[in-house]
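Right, one structure below, let's go through it.
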Amino acid sequence: MVSVIADISVAGPSAVLTEHTLQELPKAEIRIQYQGSSEKAGLVVRECDFDDFESKLETDPSIGSYEYVSDFSDVRVYNITAGDVPTLVSEHLSSKNIQILEATSPSGDSNWQLRVRSPSRKNLADVLSECRRGGNSIQLDTLYSETNPPDEANFGCPSMDRLTDDQYDALVAAYESGYFEIPKGTSLAQLSQEFDIGPQAMSERLRRATNTMLESHLQQDVTKAKH
């Protein structure tokens, strides 16, 4: 399995601050500086009245306690402990060995924007399903192979979420080994040996994956053209 990097946005009962504080202070910009455990984290806060922010923390049921740590004029740092929250998003992620790389709530957004590293697409899909069953709103914005990161930071390919794990792994292996290059860097027979399937089955897997990707992107282009 090829590990993946994903950008996801999440809000709801399992995501602290999103149902109260962030909605009441839409201009606040918050970044998780560190996470000591699933319940404890350090926040870097800016773009808001800090007295107002602290008053919102006092009444936010998702926050059990907070501690003001330091002040840098236009930025403040807080330690927080989660309060009355069902299974936290961070707990869902850690249960599937998914690591949080970045966690921010940009100004004007009441969601958490997370960049995570997952050992497989299946682990990530399981977490998305678990969070949705818990009443959370969670969306996959970007997904790509860790071994082949995009050139642009805002690269996104939602159609990859429609691929099966086998199709995704086959496409990544084919691309990285030069199967789509001219001349080819590998043969269909060599790829099929890597996946322990026949050349015909490998060919069909690649065609289905390619068709899914093209179908999604072409439909997006048609929709944009109509608007």
Side-chain angles (χ1 to χ4, degrees), residues 1-11 14-15 31-38 41 87-106 111-134 136-181 184-186 188 190-197 201-214 216-217:
M1 281 289 170
V2 179
S3 61
V4 295
I5 303 294
D7 292 329
I8 58 179
S9 57
V10 59
S14 297
R31 174 173 58 86
I32 294 182
Q33 185 179 38
Y34 65 87
Q35 189 153 4
S37 67
S38 59
T87 306
L88 291 162
V89 172
S90 57
E91 293 175 325
H92 283 298
L93 292 167
S94 64
S95 71
K96 297 296 181 181
N97 297 317
I98 299 176
Q99 178 186 5
I100 298 176
L101 303 177
E102 296 178 18
T104 60
S105 179
N111 296 341
W112 283 109
Q113 306 293 333
L114 307 179
R115 174 160 291 179
V116 301
R117 176 187 291 116
S118 175
S120 73
R121 292 175 69 254
K122 183 180 186 306
N123 289 41
L124 183 62
D126 288 345
V127 168
L128 297 180
S129 297
E130 289 172 2
C131 286
R132 287 168 182 149
R133 285 196 295 270
N136 298 284
S137 170
I138 188 166
Q139 176 180 325
L140 175 63
D141 298 318
T142 305
L143 180 68
Y144 53 88
S145 166
E146 185 174 20
T147 59
N148 185 38
D151 293 330
E152 299 179 11
N154 294 324
F155 174 88
C157 191
S159 59
M160 292 176 71
D161 193 35
R162 298 173 54 190
L163 300 176
T164 67
D165 286 337
D166 286 343
Q167 290 171 350
Y168 177 85
D169 290 343
L171 272 183
V172 170
Y175 177 81
E176 292 182 341
S177 60
Y179 178 74
F180 298 111
E181 295 177 5
K184 289 184 177 181
T186 190
L188 190 62
Q190 290 172 315
L191 279 175
S192 63
Q193 288 177 359
E194 181 178 342
F195 287 84
D196 196 26
I197 59 177
M202 189 67 194
S203 175
E204 291 176 359
R205 185 175 297 179
L206 288 172
R207 288 204 306 272
R208 290 193 182 99
T210 303
N211 184 69
T212 296
M213 297 283 286
L214 288 173
S216 177
H217 281 287

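Here T210 pairs with L171, L214 under the side chain to side chain contact (heavy atoms under 4.5 Å, CB included) rule; sequence neighbours left out. Applying the side chain to side chain contact (heavy atoms under 4.5 Å, CB included) test to A174 and every residue at least two apart in sequence or in another chain returns Y179, F180, L191, L206. Residues satisfying the salt bridge (charged side-chain N to carboxylate O under 4.0 Å, His left out) test with R117, not counting sequence neighbours, are E146. Among residues two or more places apart in sequence or in another chain, the side chain to side chain contact (heavy atoms under 4.5 Å, CB included) test is passed with Q193 by none. Taking the side chain to side chain donor-acceptor pair (under 3.5 Å) definition, one finds that S14 meets it with N136, sequence neighbours left out. For D126, the side chain to side chain donor-acceptor pair (under 3.5 Å) partners two or more places apart in sequence, or in a different chain, are K122. Checked against side chain to side chain contact (heavy atoms under 4.5 Å, CB included), R205 has the following partners two or more places apart in sequence or in another chain: D166, Q167, A170, F195, I197. In this view, Q33 satisfies the side chain to side chain donor-acceptor pair (under 3.5 Å) rule with no residue, not counting sequence neighbours. Looking at residues two or more places apart in sequence or on another chain, you find a side chain to side chain donor-acceptor pair (under 3.5 Å) between S203 and R207.
Between the CD1 atom in I32 and the OG atom in S90 there is a gap of 8.0 Å [rounded to 0.5 Å]. To the nearest 0.5 angstrom, I138 atom CD1 is 9.5 Å from S129 atom OG. How far CD of Q99 is from CG of L114: 12.5 Å, rounded to the nearest 0.5 Å. Here the CZ atom belonging to R115 is positioned 7.5 Å from the CD1 atom belonging to I5, to the nearest 0.5 angstrom. Rounded to the nearest 0.5 angstrom, R133 CZ and T87 OG1 are separated by 11.0 Å. Taken from CG in N123 to NE2 in H92, the straight-line distance is 14.5 Å, to the nearest 0.5 Å.
Within the 4.5 Å cutoff, side-chain heavy atoms of P106 are placed close to those of Q113. At a threshold of 4.5 Å between non-hydrogen side-chain atoms, the residues S120 and V4 do not count as touching. The shortest distance between side-chain heavy atoms of V127 and I8 does not fall below 4.5 Å.
What you find for A173 and S177 is that their closest heavy atoms are O-OG, 2.7 Å. Minimum interatomic distance between S192 and M202 (heavy atoms only, all atoms of both residues): CB-CB, 3.8 Å.
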Item to complete: For the pair D141 and Q139, evaluate side chain to side chain donor-acceptor pair (under 3.5 Å) and give the outcome as yes or no after the intermediate values.
Response: CA-CA 6 Å; D141 298 318; Q139 176 180 325; 2.9 Å; yes
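Side-chain N or O atoms of S137 include none that pairs as donor or acceptor with a backbone N or O of V10 at under 3.5 Å.
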